Amino acid sequence: MLPGMTGPICLENSRLSREFFARPTLEVARDLIGRLLVRSQGGRRRSGIIVECEAYVGEADTACHASRGLTPRTRIMYGPPGHAYVYFTYGMHWMLNAVTEPDGIPGAVLLRALEPVEDIDGIRAARQGRSDRELTSGPARLCAAFSIDGSLNGTDFVLGTDLAIEEGRRVPRTAIARGPRIGIGYAAPKDRRAPWRFWIEGNPFVSRGQPPGN
DNA sequence: CAGACGATTGCCT
DNA sequence: GGCAATCGTCTGT
C-alpha cells in the first residue's frame, strides 16, 4: 500500500455497463471519480483508482477534438460508448479517454490521474526512476505506467480483455472538487472557463498541471 | 506539400 | 520558473 492512499477498495470485479457510458459526458466524468481502471496484460492486472478526469463535450466544445468534426482520429469518439479513445500528442505522449454519449454523438472523458492499487511493482517497473507520487499523476504518466498506447485505441472497456473500468471505491459527492480543464489555452474563453475537470479534493495523486487563465 | 501546433513531461537554471 | 523534446494531425496553398 502506497503512502497517501485514501481508503479501502472493493475489488468485486464488477465492470461498469454500456449504459453507464451512454449518458451525458459531464455526468459520466463526475461518476468516474473513484472507479477502478484495470489494465490486463499477460495474465496480470495493473489497476488504479481514478482520482482526476476531464469532460470533452462534443462539437460545440472548442477544447474537444470533435470540434473539427469527424476525422480519422476522432472516429472512435463518434462511435459507441464505453470504448477507449487513445491518441498521441506532443510527439511522444499517449492519452486515454473513455467514449461517452449514445452512438453517433461525440464525447469523451480524459483520465488524468490514478491512485495505484494492483501490481504496484509492475507500475514502478514501467516508470523507472520516478517517485511513487509521479507514477500515475498525469494523463501521459498513467498511460506509460499501464503500458497503454495506440494499439488499444477503440478497445472496449465493457467487453474487451485489455482494459476495464470496475466499480471501485465510493466517493462522497462532497469530496469531489471541480474546476477548469488543464492545457487547453487554445480553446474559446467560454470553454477555458468551463469547470469540467473533476478530482478528489486533497488526493496526493492528482496531477500538478495549471488551468489556463482567462 | 509545407507549416503550425498540441487534452505533456522532465530536465535545467 | 523556463523550455526542449518530437511527430501525427490538421489546415491552407
Side-chain angles (χ1 to χ4, degrees), chain A residues 21 24-26 28-30 32-33 37 48 50-79 81 83-101 106-114 116 123-154 157 163 165 177-199 204-214:
Chain A
F21 297 100
T25 307
L26 284 169
V28 176
R30 185 197 61 202
L32 277 174
I33 295 295
L37 175 72
I50 298 168
V51 299
E52 180 187 359
C53 66
E54 288 176 351
Y56 287 84
V57 190
E59 294 180 342
D61 174 7
T62 60
C64 181
H65 292 162
S67 63
R68 286 174 208 170
L70 179 58
T71 67
R73 182 174 64 157
T74 61
R75 187 184 93 251
I76 300 297
M77 278 185 78
Y78 281 79
H83 290 251
Y85 168 46
V86 183
Y87 71 91
F88 186 66
T89 191
Y90 291 106
M92 63 193 94
H93 298 305
W94 295 99
M95 306 277 161
L96 173 65
N97 298 255
V99 173
T100 58
E101 311 275 352
V109 176
L110 173 69
L111 304 188
R112 287 195 56 91
L114 307 174
I123 292 171
R124 288 195 183 107
R127 295 275 297 144
Q128 277 215 309
R130 307 289 147 217
S131 72
D132 284 347
R133 264 330 144 70
E134 297 170 320
L135 293 176
T136 52
S137 57
R141 290 173 172 178
L142 75 86
C143 285
F146 278 34
S147 305
I148 291 166
D149 63 21
S151 68
L152 296 182
N153 188 36
F157 286 112
L163 290 171
I165 301 178
R178 60 186 293 178
R181 295 169 291 179
I182 290 173
I184 55 156
Y186 57 87
K190 71 171 173 61
D191 297 319
R192 281 182 299 195
R193 289 192 283 256
W196 292 349
R197 172 182 176 230
F198 299 84
W199 69 95
F205 296 94
V206 170
S207 74
R208 308 287 154 90
Q210 291 291 108
N214 291 337

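From a predicted model like this one, the values you see are computed outputs, not experimental measurements.
You'll find that the side chain of A140(A) is closest to dT8(B), out of dC10(C), dT6(C), dT8(B). Candidate nucleotides dA5(C), dT11(C), dT9(B) were compared by shortest atom distance to the side chain of P139(A), and dT9(B) ranks first. Checking dG10(B), dT9(C), dT8(B) against the side-chain heavy atoms of R73(A) singles out dT9(C) as nearest. Residue I182(A) places its side chain closer to dT8(B) than to any other of dT8(B), dG10(B), dC10(C).
Atom CE in M77(A) sits about 12 Å away from atom P in dC10(C), given to the nearest Å. Residue Q128(A) contributes atom CD, which lies 13 Å from atom P of dG10(B) at whole-angstrom precision. The distance between atom NE2 of H65(A) and atom P of dC5(B), rounded to the nearest whole Å, is 15 Å. What separates OH of Y56(A) from P of dG6(B) is a distance of 13 Å, to the nearest Å. Atom CD in E59(A) sits about 13 Å away from atom P in dC10(C), given to the nearest Å. Here the P atom of nucleotide dA7(B) and the OH atom of Y85(A) are 9 Å apart, to the nearest Å. Nucleotide dC5(B) holds its P atom 19 Å from the NE2 atom of H93(A), rounded to whole Å. Here the P atom of nucleotide dA7(B) and the CD atom of E54(A) are 11 Å apart, to the nearest Å.
Straight-line distance between the C1' atoms of dC5(B) and dC3(C): roughly 16 Å, to the nearest whole Å. A distance of about 23 Å separates the C1' atoms of dA7(B) and dG1(C), rounded to the whole Å.
A salt bridge is absent between D132(A) and R127(A); no separation between the charged side-chain nitrogens and carboxylate oxygens falls under 4.0 Å.
Taking the six-membered ring wherever Trp is involved, the centroid distance between the rings of F88(A) and H93(A) does not fall below 6.0 Å.
No aromatic stack links Y186(A) and the base of dG6(B), using centre distance under 5.5 Å and interplanar angle under 30°.
One finds a side-chain N or O of R112(A) lying less than 4.0 angstrom from the OP1 or OP2 phosphate oxygen of dT8(B). R130(A) has a side-chain polar atom (N or O) that falls below the 4.0 Å cut-off from OP1 or OP2 of dC11(B). Residue T89(A) places no side-chain N or O under 4.0 Å from the OP1 or OP2 atom of dT8(B).
Inter-residue side-chain proximity for P139(A) and E52(A) is flagged as unmet; no heavy-atom pair is nearer than 4.5 Å. Between E59(A) and P106(A), the closest side-chain pair of non-hydrogen atoms falls below 4.5 Å. Using a 4.5 Å heavy-atom cutoff, the side chains of V206(A) and R197(A) are in contact.
Within the cation-pi definition used here (under 6.0 Å to the ring centroid, within 45° of the axis), R192(A) does not qualify as a partner of Y186(A).
T71(A) comes within 4.0 angstrom of the backbone, heavy atoms only, and of no base. Among the atoms of the strands shown, only primed sugar atoms or phosphate atoms (P, OP1, OP2) are found under 4.0 Å from some heavy atom of M95(A). Nucleic acid contact class of F88(A) (heavy atoms, under 4.0 Å, all strands): sugar-phosphate only.
Across all strands shown, dG6(B) forms a Watson-Crick or G-U wobble pair, both distances under 3.5 Å, with dC7(C).
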